[in-house]
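Here the structure is laid out as C-alpha coordinates; the discussion comes afterwards.
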Amino acid sequence: MTHVRAVGLPRWLFVPAALGATLVLLPLVAMVLRVPWTDFPALVTGASAQEALWLSLRTSATSTVLCVLLGVPLAMVLARTSFRGQAVLRSLVLLPLVLPPVVGGIALLYTFGRRGLLGESLEVLGIQVAFTTAAVVLAQTFVALPFLVLSLEGSLRTAGERYDVVAASLGASPTTVFRRVTLPLTLPGLVSGAVLAFARALGEFGATITFAGSLEGVTRTLPLEVYLLRESDPDGAVALSLLLVVVAIAVIGATRQGRVPR
Amino acid sequence: MSTARTRAAALLATLALLTGTAACGDADDSPTLTVYAAASLQAPLDELVEDFERSHDGVEVVVSYAGSSDLVAQLGEGARADVLATADTATMDRLVAEGLAAGEPQVFATNTLSIAVPPGNPAGVTGLADLAREDLSVVVCAPQVPCGAAARRLADVAGVRLAPDSEEQSVTDVLGKVASGEADAGLVYVTDVLAAGDRVEEVAVPEAARAVNDYPVTVLADAREDALAAELVDLLLGETGQRALERAGFGPPR
(Lines give C-alpha, C1' and ligand atoms only; values in the text may rest on other atoms or scores of the structure.)
Protein backbone atom coordinates (compact mmCIF):
# COMPACT_ATOMS: atom_id res chain seq x y z
CA MET A 1 0.00 0.00 0.00
CA THR A 2 1.87 3.09 -1.10
CA HIS A 3 0.21 6.42 -0.88
CA VAL A 4 0.93 9.20 -3.32
CA ARG A 5 1.98 12.10 -1.15
CA ALA A 6 1.16 15.56 -2.37
CA VAL A 7 3.01 17.22 0.47
CA GLY A 8 6.56 16.17 1.18
CA LEU A 9 7.87 16.05 4.74
CA PRO A 10 10.22 18.81 5.82
CA ARG A 11 13.76 17.42 5.62
CA TRP A 12 14.79 18.39 9.13
CA LEU A 13 12.06 16.14 10.53
CA PHE A 14 14.14 13.10 9.60
CA VAL A 15 16.94 13.95 12.03
CA PRO A 16 14.94 13.74 15.27
CA ALA A 17 12.95 10.85 13.76
CA ALA A 18 16.18 8.92 13.18
CA LEU A 19 17.38 9.80 16.69
CA GLY A 20 14.11 8.53 18.13
CA ALA A 21 14.30 5.28 16.23
CA THR A 22 17.94 4.85 17.28
CA LEU A 23 17.05 5.36 20.92
CA VAL A 24 14.65 2.42 20.72
CA LEU A 25 16.68 0.17 18.45
CA LEU A 26 20.22 0.64 19.72
CA PRO A 27 19.64 -0.95 23.16
CA LEU A 28 18.06 -3.94 21.43
CA VAL A 29 21.07 -4.26 19.16
CA ALA A 30 23.39 -3.94 22.16
CA MET A 31 21.50 -6.73 23.90
CA VAL A 32 21.60 -9.01 20.89
CA LEU A 33 25.38 -8.44 20.68
CA ARG A 34 25.74 -9.66 24.27
CA VAL A 35 23.78 -12.88 23.78
CA PRO A 36 26.07 -15.90 24.26
CA TRP A 37 24.95 -17.62 21.07
CA THR A 38 26.77 -20.91 21.67
CA ASP A 39 25.01 -21.42 24.98
CA PHE A 40 21.78 -19.81 23.83
CA PRO A 41 19.80 -23.01 23.13
CA ALA A 42 20.81 -24.48 26.50
CA LEU A 43 19.98 -21.26 28.33
CA VAL A 44 16.48 -20.82 26.92
CA THR A 45 15.54 -24.50 27.12
CA GLY A 46 16.57 -24.95 30.74
CA ALA A 47 13.85 -26.24 33.08
CA SER A 48 13.39 -22.94 34.95
CA ALA A 49 13.30 -20.95 31.72
CA GLN A 50 10.70 -23.24 30.15
CA GLU A 51 8.63 -23.22 33.32
CA ALA A 52 8.73 -19.40 33.41
CA LEU A 53 7.90 -19.00 29.71
CA TRP A 54 5.00 -21.44 29.93
CA LEU A 55 3.65 -19.72 33.05
CA SER A 56 3.96 -16.32 31.35
CA LEU A 57 2.07 -17.45 28.24
CA ARG A 58 -0.64 -19.17 30.29
CA THR A 59 -1.26 -16.27 32.67
CA SER A 60 -1.08 -13.65 29.90
CA ALA A 61 -3.68 -15.56 27.88
CA THR A 62 -5.94 -15.83 30.92
CA SER A 63 -5.61 -12.16 31.77
CA THR A 64 -6.30 -11.22 28.14
CA VAL A 65 -9.57 -13.17 28.28
CA LEU A 66 -10.42 -11.36 31.51
CA CYS A 67 -9.53 -8.04 29.88
CA VAL A 68 -11.93 -8.77 27.01
CA LEU A 69 -14.74 -9.86 29.33
CA LEU A 70 -14.39 -6.79 31.54
CA GLY A 71 -12.97 -4.28 29.08
CA VAL A 72 -15.55 -4.57 26.25
CA PRO A 73 -18.48 -3.58 28.50
CA LEU A 74 -16.34 -0.87 30.08
CA ALA A 75 -15.39 0.59 26.69
CA MET A 76 -19.04 0.44 25.56
CA VAL A 77 -20.16 2.34 28.64
CA LEU A 78 -17.43 4.93 28.19
CA ALA A 79 -18.01 5.41 24.45
CA ARG A 80 -21.77 5.11 24.11
CA THR A 81 -23.27 6.64 27.21
CA SER A 82 -22.88 9.88 29.04
CA PHE A 83 -23.35 10.40 32.73
CA ARG A 84 -22.03 12.54 35.51
CA GLY A 85 -18.51 11.62 36.45
CA GLN A 86 -17.80 9.79 33.19
CA ALA A 87 -14.67 11.80 32.53
CA VAL A 88 -13.41 10.98 36.00
CA LEU A 89 -14.21 7.29 35.51
CA ARG A 90 -12.29 7.29 32.22
CA SER A 91 -9.23 8.84 33.86
CA LEU A 92 -9.35 6.34 36.69
CA VAL A 93 -9.72 3.35 34.37
CA LEU A 94 -6.69 4.52 32.42
CA LEU A 95 -4.66 5.16 35.58
CA PRO A 96 -2.75 1.81 35.51
CA LEU A 97 -1.22 3.00 32.22
CA VAL A 98 0.76 5.69 33.97
CA LEU A 99 1.01 4.25 37.47
CA PRO A 100 4.34 2.66 38.39
CA PRO A 101 3.56 -1.09 38.40
CA VAL A 102 4.93 -1.47 41.92
CA VAL A 103 2.28 1.02 43.09
CA GLY A 104 -0.33 -1.13 41.39
CA GLY A 105 1.09 -4.13 43.23
CA ILE A 106 0.78 -2.39 46.57
CA ALA A 107 -2.81 -1.39 45.76
CA LEU A 108 -3.64 -5.00 44.85
CA LEU A 109 -1.99 -6.22 48.05
CA TYR A 110 -4.25 -4.01 50.14
CA THR A 111 -7.27 -5.22 48.19
CA PHE A 112 -6.77 -8.95 47.76
CA GLY A 113 -3.99 -9.61 50.30
CA ARG A 114 -4.78 -11.63 53.41
CA ARG A 115 -5.25 -8.46 55.44
CA GLY A 116 -6.64 -6.50 52.50
CA LEU A 117 -10.06 -5.02 51.86
CA LEU A 118 -11.47 -8.19 50.30
CA GLY A 119 -8.78 -10.54 51.50
CA GLU A 120 -10.39 -11.39 54.82
CA SER A 121 -13.74 -12.24 53.25
CA LEU A 122 -11.97 -14.34 50.64
CA GLU A 123 -10.04 -16.11 53.39
CA VAL A 124 -13.34 -16.98 55.10
CA LEU A 125 -14.50 -18.50 51.83
CA GLY A 126 -11.29 -20.53 51.78
CA ILE A 127 -9.83 -18.61 48.84
CA GLN A 128 -6.24 -17.50 49.17
CA VAL A 129 -4.97 -15.19 46.46
CA ALA A 130 -1.51 -14.29 47.75
CA PHE A 131 1.37 -16.39 46.34
CA THR A 132 -0.87 -18.10 43.77
CA THR A 133 -1.02 -18.02 39.99
CA ALA A 134 -4.35 -16.21 40.38
CA ALA A 135 -2.45 -13.29 41.91
CA VAL A 136 -0.25 -13.13 38.81
CA VAL A 137 -3.33 -13.05 36.57
CA LEU A 138 -4.90 -10.32 38.71
CA ALA A 139 -1.77 -8.19 38.52
CA GLN A 140 -1.53 -8.65 34.76
CA THR A 141 -5.22 -7.88 34.21
CA PHE A 142 -4.90 -4.74 36.33
CA VAL A 143 -2.11 -3.30 34.19
CA ALA A 144 -3.35 -4.60 30.82
CA LEU A 145 -7.04 -3.66 31.01
CA PRO A 146 -6.56 0.03 30.06
CA PHE A 147 -4.87 -0.97 26.80
CA LEU A 148 -7.96 -2.87 25.70
CA VAL A 149 -10.40 -0.22 26.89
CA LEU A 150 -8.45 2.61 25.26
CA SER A 151 -8.08 0.79 21.96
CA LEU A 152 -11.72 -0.33 21.77
CA GLU A 153 -13.15 2.99 22.92
CA GLY A 154 -11.26 4.81 20.17
CA SER A 155 -12.50 2.31 17.66
CA LEU A 156 -16.11 2.65 18.88
CA ARG A 157 -15.95 6.43 18.57
CA THR A 158 -14.46 6.24 15.07
CA ALA A 159 -17.12 3.76 13.91
CA GLY A 160 -19.88 6.09 15.08
CA GLU A 161 -23.45 5.12 15.89
CA ARG A 162 -25.08 5.37 12.44
CA TYR A 163 -25.42 1.62 11.84
CA ASP A 164 -26.47 0.94 15.40
CA VAL A 165 -29.27 3.49 15.05
CA VAL A 166 -30.42 2.01 11.75
CA ALA A 167 -30.45 -1.52 13.17
CA ALA A 168 -32.37 -0.38 16.23
CA SER A 169 -34.92 1.46 14.08
CA LEU A 170 -35.47 -1.77 12.16
CA GLY A 171 -36.47 -3.43 15.40
CA ALA A 172 -33.24 -5.06 16.62
CA SER A 173 -32.93 -5.31 20.40
CA PRO A 174 -29.95 -3.60 22.09
CA THR A 175 -28.28 -6.98 22.58
CA THR A 176 -28.71 -7.88 18.92
CA VAL A 177 -27.33 -4.49 17.85
CA PHE A 178 -24.34 -5.00 20.13
CA ARG A 179 -23.72 -8.54 18.91
CA ARG A 180 -24.50 -8.18 15.21
CA VAL A 181 -23.54 -4.57 14.43
CA THR A 182 -21.33 -2.86 17.01
CA LEU A 183 -18.94 -5.72 17.75
CA PRO A 184 -18.26 -6.74 14.12
CA LEU A 185 -17.70 -3.08 13.20
CA THR A 186 -15.12 -2.57 15.92
CA LEU A 187 -13.54 -6.01 15.73
CA PRO A 188 -10.17 -4.71 14.46
CA GLY A 189 -9.98 -2.35 17.42
CA LEU A 190 -10.92 -5.16 19.78
CA VAL A 191 -8.32 -7.51 18.31
CA SER A 192 -5.50 -4.98 18.46
CA GLY A 193 -6.57 -4.01 21.96
CA ALA A 194 -6.52 -7.64 23.05
CA VAL A 195 -3.09 -8.21 21.52
CA LEU A 196 -1.73 -5.10 23.21
CA ALA A 197 -3.20 -6.28 26.51
CA PHE A 198 -1.54 -9.68 26.01
CA ALA A 199 1.80 -8.03 25.28
CA ARG A 200 1.52 -5.81 28.34
CA ALA A 201 0.60 -8.80 30.52
CA LEU A 202 3.60 -10.69 29.17
CA GLY A 203 5.93 -7.92 30.25
CA GLU A 204 4.34 -7.34 33.66
CA PHE A 205 6.92 -7.29 36.42
CA GLY A 206 6.47 -4.72 39.17
CA ALA A 207 2.93 -5.50 40.26
CA THR A 208 3.60 -9.24 40.08
CA ILE A 209 6.69 -9.19 42.26
CA THR A 210 5.02 -6.89 44.79
CA PHE A 211 1.72 -8.71 44.95
CA ALA A 212 2.21 -12.31 43.81
CA GLY A 213 5.73 -13.21 44.94
CA SER A 214 8.14 -15.39 43.03
CA LEU A 215 8.07 -19.18 43.03
CA GLU A 216 9.09 -21.42 40.14
CA GLY A 217 6.11 -22.75 38.23
CA VAL A 218 3.58 -20.88 40.37
CA THR A 219 4.28 -17.15 40.28
CA ARG A 220 7.72 -16.73 38.68
CA THR A 221 6.92 -15.44 35.20
CA LEU A 222 9.55 -14.84 32.53
CA PRO A 223 10.28 -11.21 33.54
CA LEU A 224 10.75 -12.32 37.16
CA GLU A 225 13.05 -15.14 36.06
CA VAL A 226 15.12 -12.65 34.07
CA TYR A 227 15.38 -10.37 37.09
CA LEU A 228 16.45 -13.22 39.35
CA LEU A 229 18.97 -14.67 36.87
CA ARG A 230 20.57 -11.26 36.41
CA GLU A 231 21.91 -11.68 39.95
CA SER A 232 23.62 -15.00 39.42
CA ASP A 233 23.79 -15.74 35.71
CA PRO A 234 23.96 -12.59 33.53
CA ASP A 235 24.32 -14.66 30.35
CA GLY A 236 21.13 -16.54 31.11
CA ALA A 237 19.36 -13.28 31.84
CA VAL A 238 20.37 -11.82 28.47
CA ALA A 239 19.30 -14.97 26.63
CA LEU A 240 15.89 -14.98 28.32
CA SER A 241 15.51 -11.24 27.72
CA LEU A 242 15.98 -11.87 24.03
CA LEU A 243 13.38 -14.64 24.16
CA LEU A 244 10.92 -12.20 25.72
CA VAL A 245 11.70 -9.56 23.09
CA VAL A 246 11.14 -12.07 20.28
CA VAL A 247 7.77 -13.14 21.70
CA ALA A 248 6.76 -9.50 22.17
CA ILE A 249 7.77 -8.57 18.60
CA ALA A 250 5.84 -11.55 17.24
CA VAL A 251 2.77 -10.45 19.20
CA ILE A 252 2.97 -6.81 18.13
CA GLY A 253 3.70 -7.85 14.55
CA ALA A 254 0.56 -9.97 14.57
CA THR A 255 -1.60 -7.02 15.52
CA ARG A 256 -0.11 -4.72 12.88
CA GLN A 257 -0.80 -7.36 10.23
CA GLY A 258 -4.36 -7.76 11.36
CA ARG A 259 -5.11 -4.05 11.21
CA VAL A 260 -7.59 -3.06 8.55
CA PRO A 261 -6.45 -0.10 6.45
CA ARG A 262 -8.71 2.88 6.71
CA MET B 1 4.36 30.05 12.17
CA SER B 2 7.23 32.28 13.20
CA THR B 3 6.15 32.26 16.86
CA ALA B 4 6.09 28.48 16.76
CA ARG B 5 9.58 28.53 15.35
CA THR B 6 10.86 30.94 17.99
CA ARG B 7 9.26 28.80 20.64
CA ALA B 8 10.91 25.66 19.29
CA ALA B 9 14.25 27.43 19.14
CA ALA B 10 13.85 28.63 22.72
CA LEU B 11 12.99 25.11 23.81
CA LEU B 12 16.04 23.69 22.08
CA ALA B 13 18.25 26.38 23.59
CA THR B 14 16.90 25.61 27.06
CA LEU B 15 17.51 21.90 26.54
CA ALA B 16 21.06 22.56 25.40
CA LEU B 17 21.65 24.77 28.40
CA LEU B 18 20.24 22.19 30.80
CA THR B 19 22.27 19.30 29.42
CA GLY B 20 25.32 21.54 29.26
CA THR B 21 25.13 22.53 32.90
CA ALA B 22 24.41 18.94 33.91
CA ALA B 23 27.57 17.84 32.13
CA CYS B 24 29.81 20.25 34.01
CA GLY B 25 28.08 19.61 37.35
CA ASP B 26 30.93 17.56 38.80
CA ALA B 27 33.72 19.94 37.90
CA ASP B 28 34.43 21.12 41.46
CA ASP B 29 37.53 19.90 43.26
CA SER B 30 36.27 18.56 46.62
CA PRO B 31 36.98 14.83 46.75
CA THR B 32 34.04 12.44 46.57
CA LEU B 33 34.34 8.94 47.97
CA THR B 34 32.00 6.49 46.30
CA VAL B 35 30.99 3.45 48.34
CA TYR B 36 29.02 0.46 47.06
CA ALA B 37 27.47 -1.44 49.95
CA ALA B 38 25.07 -4.32 50.56
CA ALA B 39 21.59 -3.01 51.38
CA SER B 40 21.63 -4.71 54.80
CA LEU B 41 24.48 -2.40 55.87
CA GLN B 42 22.48 0.80 55.47
CA ALA B 43 21.69 1.62 59.11
CA PRO B 44 25.22 1.36 60.59
CA LEU B 45 26.97 2.62 57.46
CA ASP B 46 24.87 5.78 57.18
CA GLU B 47 25.92 6.56 60.72
CA LEU B 48 29.62 5.84 60.08
CA VAL B 49 29.66 7.83 56.85
CA GLU B 50 28.36 10.85 58.73
CA ASP B 51 31.23 10.43 61.23
CA PHE B 52 33.69 10.12 58.39
CA GLU B 53 32.48 13.29 56.65
CA ARG B 54 32.67 15.19 59.93
CA SER B 55 36.28 14.20 60.50
CA HIS B 56 37.30 14.76 56.86
CA ASP B 57 36.55 18.35 55.99
CA GLY B 58 35.32 18.88 52.44
CA VAL B 59 35.05 15.17 51.68
CA GLU B 60 31.73 13.95 50.38
CA VAL B 61 30.83 10.28 50.73
CA VAL B 62 28.23 8.86 48.36
CA VAL B 63 26.90 5.39 49.20
CA SER B 64 24.97 3.23 46.76
CA TYR B 65 23.02 0.53 48.59
CA ALA B 66 21.77 -2.48 46.61
CA GLY B 67 21.89 -6.26 46.53
CA SER B 68 25.50 -7.49 46.62
CA SER B 69 25.27 -9.38 43.31
CA ASP B 70 23.79 -6.32 41.70
CA LEU B 71 26.67 -4.16 42.90
CA VAL B 72 29.29 -6.61 41.67
CA ALA B 73 27.53 -6.82 38.30
CA GLN B 74 27.46 -3.02 38.01
CA LEU B 75 31.18 -2.79 38.84
CA GLY B 76 31.87 -5.51 36.28
CA GLU B 77 30.06 -3.40 33.68
CA GLY B 78 32.36 -0.47 34.38
CA ALA B 79 30.65 1.43 37.18
CA ARG B 80 33.19 3.45 39.16
CA ALA B 81 33.51 3.26 42.94
CA ASP B 82 36.20 3.40 45.61
CA VAL B 83 34.99 0.88 48.20
CA LEU B 84 32.80 -2.22 48.02
CA ALA B 85 31.23 -4.05 50.96
CA THR B 86 29.16 -7.17 50.22
CA ALA B 87 26.88 -9.42 52.28
CA ASP B 88 28.76 -12.62 51.53
CA THR B 89 32.14 -13.83 50.38
CA ALA B 90 30.82 -15.61 47.27
CA THR B 91 29.83 -12.34 45.58
CA MET B 92 33.08 -10.68 46.69
CA ASP B 93 35.02 -13.60 45.20
CA ARG B 94 33.44 -12.83 41.82
CA LEU B 95 34.81 -9.28 42.01
CA VAL B 96 38.27 -10.55 42.97
CA ALA B 97 38.18 -13.05 40.11
CA GLU B 98 37.52 -10.20 37.66
CA GLY B 99 40.61 -8.41 38.97
CA LEU B 100 38.59 -5.44 40.23
CA ALA B 101 39.74 -5.52 43.87
CA ALA B 102 42.85 -3.76 45.13
CA GLY B 103 44.34 -6.31 47.48
CA GLU B 104 42.71 -8.94 49.64
CA PRO B 105 39.13 -8.23 50.90
CA GLN B 106 38.80 -8.13 54.70
CA VAL B 107 35.87 -9.51 56.69
CA PHE B 108 34.56 -6.74 58.96
CA ALA B 109 31.25 -8.17 60.21
CA THR B 110 29.09 -11.28 60.38
CA ASN B 111 25.36 -11.75 60.18
CA THR B 112 23.03 -14.63 60.95
CA LEU B 113 19.52 -15.49 59.87
CA SER B 114 16.46 -15.35 62.02
CA ILE B 115 12.74 -15.92 61.60
CA ALA B 116 10.57 -12.83 61.22
CA VAL B 117 6.86 -13.19 61.93
CA PRO B 118 4.03 -10.63 61.80
CA PRO B 119 3.32 -8.83 65.11
CA GLY B 120 1.60 -11.23 67.51
CA ASN B 121 2.91 -14.28 65.64
CA PRO B 122 -0.60 -15.29 64.43
CA ALA B 123 0.53 -18.65 63.08
CA GLY B 124 2.36 -19.58 66.29
CA VAL B 125 5.75 -20.21 64.69
CA THR B 126 8.21 -21.62 67.22
CA GLY B 127 11.27 -22.51 65.20
CA LEU B 128 12.88 -23.56 61.97
CA ALA B 129 10.94 -26.85 61.79
CA ASP B 130 7.67 -24.89 61.39
CA LEU B 131 8.99 -23.41 58.16
CA ALA B 132 8.56 -26.81 56.55
CA ARG B 133 4.83 -26.85 57.35
CA GLU B 134 2.69 -26.79 54.23
CA ASP B 135 -0.15 -24.91 55.93
CA LEU B 136 1.99 -21.83 56.59
CA SER B 137 2.83 -19.11 54.13
CA VAL B 138 6.60 -19.00 54.25
CA VAL B 139 8.75 -16.57 52.30
CA VAL B 140 12.52 -16.81 51.87
CA CYS B 141 15.12 -15.30 49.52
CA ALA B 142 15.88 -17.09 46.26
CA PRO B 143 19.05 -19.24 46.40
CA GLN B 144 20.59 -16.99 43.71
CA VAL B 145 20.96 -14.05 46.12
CA PRO B 146 23.14 -14.02 49.29
CA CYS B 147 20.30 -14.16 51.83
CA GLY B 148 18.81 -17.09 49.91
CA ALA B 149 22.12 -18.91 49.77
CA ALA B 150 22.36 -18.38 53.53
CA ALA B 151 18.81 -19.71 54.00
CA ARG B 152 19.67 -22.84 52.06
CA ARG B 153 22.85 -23.38 54.12
CA LEU B 154 20.87 -22.93 57.32
CA ALA B 155 18.20 -25.40 56.21
CA ASP B 156 20.95 -27.87 55.36
CA VAL B 157 22.78 -27.65 58.70
CA ALA B 158 19.46 -27.87 60.55
CA GLY B 159 18.23 -30.76 58.42
CA VAL B 160 14.98 -28.95 57.57
CA ARG B 161 13.30 -28.97 54.18
CA LEU B 162 11.87 -25.49 53.62
CA ALA B 163 8.53 -25.24 51.83
CA PRO B 164 8.43 -21.59 50.72
CA ASP B 165 5.43 -19.98 49.02
CA SER B 166 7.70 -17.44 47.43
CA GLU B 167 11.42 -16.97 46.85
CA GLU B 168 12.03 -13.25 46.78
CA GLN B 169 14.87 -11.28 45.20
CA SER B 170 15.88 -9.43 48.33
CA VAL B 171 15.63 -9.56 52.06
CA THR B 172 13.57 -6.35 52.08
CA ASP B 173 10.95 -8.04 49.90
CA VAL B 174 10.75 -10.92 52.39
CA LEU B 175 10.45 -8.51 55.28
CA GLY B 176 7.73 -6.54 53.49
CA LYS B 177 5.59 -9.63 52.94
CA VAL B 178 5.95 -10.64 56.59
CA ALA B 179 5.29 -7.14 57.95
CA SER B 180 2.14 -6.81 55.82
CA GLY B 181 0.88 -10.14 57.15
CA GLU B 182 0.89 -11.79 53.71
CA ALA B 183 3.38 -14.36 54.96
CA ASP B 184 3.25 -16.18 58.31
CA ALA B 185 7.02 -16.32 58.54
CA GLY B 186 10.11 -15.30 56.64
CA LEU B 187 13.83 -15.96 56.89
CA VAL B 188 15.77 -12.71 57.13
CA TYR B 189 18.97 -11.46 58.76
CA VAL B 190 18.93 -10.71 62.49
CA THR B 191 19.89 -7.14 61.56
CA ASP B 192 16.76 -6.78 59.40
CA VAL B 193 14.50 -7.85 62.26
CA LEU B 194 16.19 -5.26 64.44
CA ALA B 195 15.89 -2.54 61.81
CA ALA B 196 12.21 -3.32 61.19
CA GLY B 197 11.34 -2.40 64.78
CA ASP B 198 7.69 -3.06 65.69
CA ARG B 199 6.71 -4.11 62.19
CA VAL B 200 7.79 -7.70 62.82
CA GLU B 201 8.61 -10.02 65.70
CA GLU B 202 11.55 -12.39 65.92
CA VAL B 203 11.57 -16.12 66.53
CA ALA B 204 15.15 -16.98 67.37
CA VAL B 205 16.87 -19.76 65.47
CA PRO B 206 19.56 -21.48 67.59
CA GLU B 207 20.81 -23.39 64.52
CA ALA B 208 21.69 -20.07 62.84
CA ALA B 209 25.01 -19.92 64.68
CA ARG B 210 26.16 -22.76 62.42
CA ALA B 211 25.41 -20.84 59.20
CA VAL B 212 27.09 -17.47 59.58
CA ASN B 213 27.46 -14.95 56.74
CA ASP B 214 30.74 -13.06 56.43
CA TYR B 215 30.70 -9.45 55.22
CA PRO B 216 33.92 -8.55 53.35
CA VAL B 217 35.05 -5.08 52.30
CA THR B 218 37.70 -4.00 49.81
CA VAL B 219 39.16 -0.95 48.10
CA LEU B 220 38.58 -1.19 44.36
CA ALA B 221 41.41 -1.46 41.85
CA ASP B 222 40.42 1.67 39.95
CA ALA B 223 39.62 3.76 43.04
CA ARG B 224 40.30 7.46 42.50
CA GLU B 225 40.46 8.23 46.21
CA ASP B 226 42.42 5.21 47.38
CA ALA B 227 43.86 6.89 50.48
CA LEU B 228 40.42 7.97 51.69
CA ALA B 229 39.02 4.56 50.73
CA ALA B 230 41.63 2.83 52.89
CA GLU B 231 40.71 5.13 55.78
CA LEU B 232 37.04 4.21 55.47
CA VAL B 233 37.92 0.50 55.52
CA ASP B 234 39.98 1.13 58.67
CA LEU B 235 37.00 2.90 60.23
CA LEU B 236 34.81 -0.17 59.58
CA LEU B 237 37.39 -2.53 61.08
CA GLY B 238 38.23 -0.21 63.98
CA GLU B 239 36.53 0.27 67.33
CA THR B 240 34.01 2.96 66.22
CA GLY B 241 32.92 0.91 63.23
CA GLN B 242 32.61 -2.29 65.18
CA ARG B 243 30.50 -0.60 67.86
CA ALA B 244 28.09 0.83 65.25
CA LEU B 245 27.82 -2.56 63.55
CA GLU B 246 27.18 -4.29 66.86
CA ARG B 247 24.36 -1.86 67.69
CA ALA B 248 22.74 -2.78 64.36
CA GLY B 249 22.89 -6.48 65.26
CA PHE B 250 25.98 -7.55 63.33
CA GLY B 251 28.46 -9.93 64.88
CA PRO B 252 32.25 -9.37 64.98
CA PRO B 253 34.39 -10.94 62.23
CA ARG B 254 35.29 -14.55 63.00
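First the proteins, then the strands, lettered A, B, ... as listed; each starts at 1.
- At a 4.5 Å heavy-atom cutoff, B/Gln74 makes no contact with chain A through either its backbone or its side chain.
- Here the CG-CD distance, from B/Asp165 to A/Gln128, works out to 7.0 Å after rounding to the nearest 0.5 Å.
- Looking at A/Thr132, neither its backbone nor its side chain comes within 4.5 Å of chain B, counting heavy atoms on both sides.
- The two atoms that bring A/Leu228 and B/Ala142 nearest to each other are CD1-CB, 3.4 Å, heavy atoms only.
- Applying the 6.0 Å contact sphere to CZ of B/Arg152 captures no more than 12 heavy atoms from other residues, nucleotides or ligands.
- For a residue to count as touching a neighbouring chain, one of its non-hydrogen atoms must lie under 4.5 Å from one of that chain's; by this rule B/Ala183 touches chain A with backbone and side chain alike.
- Of the possible polar contacts, one joining the B/Ser166 side chain to the A/Ser214 backbone as a donor-acceptor pair under 3.5 Å is found.
- Contact annotation for B/Pro118: only side-chain heavy atoms (C-beta onward) come within less than 4.5 Å of a heavy atom of chain A.
- Counting heavy-atom pairs closer than 4.5 Å to chain A, the top residue among B/Lys177, B/Glu168, B/Gln169 is B/Gln169.
- One finds the CZ atom of A/Phe211 at 11.0 Å from the OG atom of B/Ser180 (value rounded to the nearest 0.5 Å).
- Annotation: the span from A/Asp233 atom CG to B/Ser69 atom OG amounts to 12.0 Å, rounded to 0.5 Å.
- Salt bridge absent: B/Glu182 and A/Arg115 never bring a charged side-chain N and a carboxylate O closer than 4.0 Å.
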Apply side-chain contact (heavy atoms from CB on, under 4.5 Å) to residues B/Glu167 and A/Glu216 and explain how you reach the verdict.
CA-CA 8 Å; B/Glu167 296 177 339; A/Glu216 192 176 300; 5.8 Å; no
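- Heavy-atom distances place the side chain of B/Val139, and not its backbone, under 4.5 Å from chain A.
- In A/Arg58, the CZ atom is crowded: over 12 heavy atoms of neighbouring residues, nucleotides or ligands sit closer than 6.0 Å.
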